[in-house]
2 protein chains.
Amino acid sequence: MTAENRADHRPASPPLTERQEARRRRILNASAQLAARGGFDAVQMREVAEAAGVALGTLYRYFPSKIHLLVATMQDQLQHMHTTLRKRPPAGADPAERVAETLMRAFRALQREPQLADAMVRALTFADRSVSPEVDTVSRLTTAIILDAMGAENPTPSQLSAVRVIEHTWHSALITWLSGRASIAQVKIDIETVCRLIDLTAPRPGAA
Amino acid sequence: MTAENRADHRPASPPLTERQEARRRRILNASAQLAARGGFDAVQMREVAEAAGVALGTLYRYFPSKIHLLVATMQDQLQHMHTTLRKRPPAGADPAERVAETLMRAFRALQREPQLADAMVRALTFADRSVSPEVDTVSRLTTAIILDAMGAENPTPSQLSAVRVIEHTWHSALITWLSGRASIAQVKIDIETVCRLIDLTAPRPGAA
DNA sequence: CGCTAATCTAGAACAAGTTACAGACTTGAT
DNA sequence: ATCAAGTCTGTAACTTGTTCTAGATTAGCG
């Protein structure tokens with residue numbers, strides 16, 4: 001983590017003053033709260049602004065679109081989850097099991113706030129090019145969580161491919177669940193299925 | 001295919017008259033054409049209506065939302081692709097290769113109309129519960145295409161899981177490509193990686 | 001302190017998806 | 001051919017994301 005930013009996730013263009021940091025926090029909280037109530041549609045920019053006690057124009061200065069706001073909200077939540085997960089690492093014997101366990105744990109957390117999950121995941125997959133940097137940050141965070149669970153310090157390219165595919169499956173499976181087209185059990189099966197790829201790409205014990 | 005509908009994809013509630021069928025077709029064509037020009041944002045309901053020569057209200061009677069319209073457009077395009085693919089089946093030796101080849105062929109088709117792909121895929125993943133039946137139809141079509149490529153007449157449950165994961169990867173990889181976060185080469189690798197799951201789930205030659 | 005640039009506020013205005021509605025046109029049955 | 005029911009058209013209104021503007025506040029600096 002560089003010294004430029006305090007939580008390895010914002011470009012730290014101009015360092016924010018204290019009041020600005022506080023505003024940003026209020027906005028993100030308001031966003032998460034509204035999302036938790038009614039999902040994507042309930043996060044209305046005017047309402048977020050009012051709940052956060054800022055003017056609409058200010059909200060847009062901090063987050064240039066609703067999608068940016070929700071992706072930032074997801075970043076925020078993921079950060080929480082990452083630190084939470086680090087405290088109690090998965091117990092499985094082999095990497096595939098541990099990754100599946102970790103993702104299922106994350107999945108259960110999302111089930112507790114399905115509307116919030118809806119808002120964040122929909123924003124993430126709907127994001128266009130203008131949000132790429134932010135979406136990429138989320139993706140890197142997710143990758144980090146999965147690699148942590150694998151216990152892979154120096155992943156091989158083929159392991160990284162597997163992780164990419166796992167992420168794809170994770171996002172898409174979430175979407176099918178959120179839109180009611182797949183059950184929780186289905187998501188579990190899909191996650192376990194894709195995690196089998198990890199065994200397939202594990203460097204053989206004897207290899208350098 | 002049942003006798004109730006002519007292309008195994010609409011619930012056929014009231015059978016449409018000829019003029020209605022023609023209207024529907026004009027709308028879908030207008031949608032695809034606008035999408036091909038400028039992607040999701042360029043498909044504006046007023047413009048679709050005008051280009052198709054119908055009133056706005058009529059457009060909404062046929063497709064209750066922009067998302068419904070674009071998902072229907074995708075259904076339409078997929079249908080084309082399915083018949084095209086059937087004509088020249090993939091040549092690979094084992095199922096995994098054939099599926100990867102098929103998906104890459106589909107991917108190349110999408111690359112020819114990236115904006116259209118953008119509109120359709122974004123709509124598909126943004127769709128909420130109200131569009132579930134239509135999204136499900138698209139999903140079934142995709143599944144059919146993949147099973148065709150596998151040559152699996154009676155897929156086992158574990159093969160179906162693999163297919164589900166492949167679909168997840170397919171959609172999500174497309175999104176990362178469309179939003180400029182992954183290169184074409186990356187998508188190819190991801191597809192090939194996930195297709196390895198097929199070997200993993202293939203029923204052993206000797207089994208019943 | 002007093003100045004200047006940047007930031008924030010309140011509110012209007014605009015864009016595109018969606019809904020509503022009155023009147024004209026089609027369709028199907030008699 | 002005629003009538004009733006259902007469709008279609010044209011248009012206005014409403015909603016919510018986004019942009020714009022003029023005036024107040026704040027931050028950094030001499």
Side-chain angles (χ1 to χ4, degrees), chain A residues 12-27 30-31 34-35 37-73 118-120 122-124 126-131 134, chain B residues 12-28 30-31 34-35 37-73 118-120 122-123 126-131 134:
Chain A
S13 334
L16 299 184
T17 71
E18 217 163 300
R19 304 185 57 191
Q20 288 176 319
E21 200 64 68
R23 267 192 211 103
R24 194 184 134 89
R25 200 98 287 301
R26 287 205 306 279
I27 292 174
S31 166
L34 286 170
R37 286 221 183 298
F40 187 89
D41 293 331
V43 181
Q44 302 193 355
M45 299 304 268
R46 287 172 238 260
E47 291 208 26
V48 172
E50 188 180 5
V54 301
L56 190 54
T58 305
L59 172 52
Y60 273 95
R61 171 185 283 272
Y62 280 73
F63 301 97
S65 78
K66 172 170 174 172
I67 301 290
H68 282 85
L69 170 58
L70 284 172
V71 171
T73 304
D118 172 76
M120 297 189 306
R122 297 260 295 285
L124 199 68
F126 190 63
D128 66 3
R129 298 179 112 83
S130 71
V131 203
E134 288 80 1
Chain B
S13 334
L16 299 184
T17 71
E18 216 161 303
R19 305 185 57 189
Q20 287 176 320
E21 200 66 68
R23 267 192 210 103
R24 194 185 133 89
R25 200 100 284 301
R26 287 204 308 279
I27 293 173
L28 285 176
S31 165
L34 286 171
R37 286 221 182 299
F40 187 89
D41 293 332
V43 181
Q44 302 193 354
M45 299 304 268
R46 286 173 240 259
E47 291 208 25
V48 173
E50 188 179 4
V54 302
L56 190 55
T58 305
L59 172 52
Y60 273 96
R61 170 185 283 273
Y62 280 73
F63 301 97
S65 79
K66 174 170 173 172
I67 301 290
H68 282 85
L69 170 58
L70 284 173
V71 170
T73 304
D118 172 76
M120 296 189 306
R122 298 260 296 285
F126 190 64
D128 66 3
R129 299 180 111 82
S130 72
V131 202
E134 287 81 0

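To find a chain, count down the sequence lines: A is the first, B the second, and so on, and within it residues start at 1. Just so you know, these numbers come straight off a predicted model, no measurement behind them.
- Contacts of B:F63 with the nucleic acid, taken as non-hydrogen atoms under 4.0 Å apart, are absent.
- Summarising the geometry, the separation between CG on B:L70 and P on C:dG17 is reported as 10 Å, rounded to the nearest angstrom.
- Annotation: of the two residues near DNA chain D, B:A55 and A:I67, the 5′-most nearest-nucleotide partner is B:A55.
- Between B:R23 atom CZ and D:dT7 atom P there is a gap of 11 Å when expressed in whole angstrom units.
- Scored by the side chain to side chain donor-acceptor pair (under 3.5 Å) test, A:R25 finds A:N29, A:D76 as partners (sequence neighbours excluded).
- Remark: P of D:dG17 and NE2 of A:H68 are 16 Å apart, rounded to the nearest angstrom.
- Considering only side-chain atoms of A:Y60, the nucleotide from D:dC8, D:dT18, C:dT18 that sits closest is D:dT18.
- If you take OH of A:Y62 and P of D:dT18, they are 18 Å apart, rounded to a whole angstrom.
- Side-chain atoms of B:H68 come within 3.5 Å of backbone N or O of B:S130 as a donor-acceptor pair.
- Nucleotides of DNA chain C nearest to A:R61 and A:R46 differ in position, and the one nearer the 5' end is that of A:R61.
- Side-chain contact between A:I67 and A:E134 is absent, with no heavy-atom pair separated by less than 4.5 Å.
- Looking at heavy atoms from C-beta onward, B:M45 lies in side-chain contact with B:L59 at the 4.5 angstrom threshold.
- Distance CE (B:M45) to P (D:dT16): 18 Å, rounded to an integer number of Å.
- Between the CD atom of B:E18 and the P atom of D:dC8 there is a distance of 15 Å, rounded to whole Å.
- In this structure, the separation between CD on B:Q44 and CG on B:L34 is 8.5 Å, given to the nearest 0.5 Å.
- Between A:K66 and A:V48 there is no side-chain heavy-atom pair separated by less than 4.5 Å.
- As judged by a 4.0 angstrom heavy-atom cut-off over every strand, A:V48 is placed among residues making no nucleic acid contact.
- Distance B:Q44 CD to C:dT18 P: 12 Å, rounded to the nearest Å.
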Review item, nucleotides 23-26 of chain C N/O atoms under 3.5 Å of protein N/O:
none

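- Between the CD atom of A:Q20 and the P atom of C:dT7 there is a distance of 7 Å, rounded to whole Å.
- Side-chain proximity of A:L56 to D:dT9, D:dG28, C:dA12: nearest is C:dA12.
- Comparing A:T58 and B:P64 by the nucleotide of DNA chain C that holds the closest heavy atom to each, the one mapping nearer the 5' end is A:T58.
- Evaluation of the side-chain contact (heavy atoms from CB on, under 4.5 Å) rule for B:Y62 yields B:Q20, B:R23, B:R24, B:I27, B:T58 as partners, not counting sequence neighbours.
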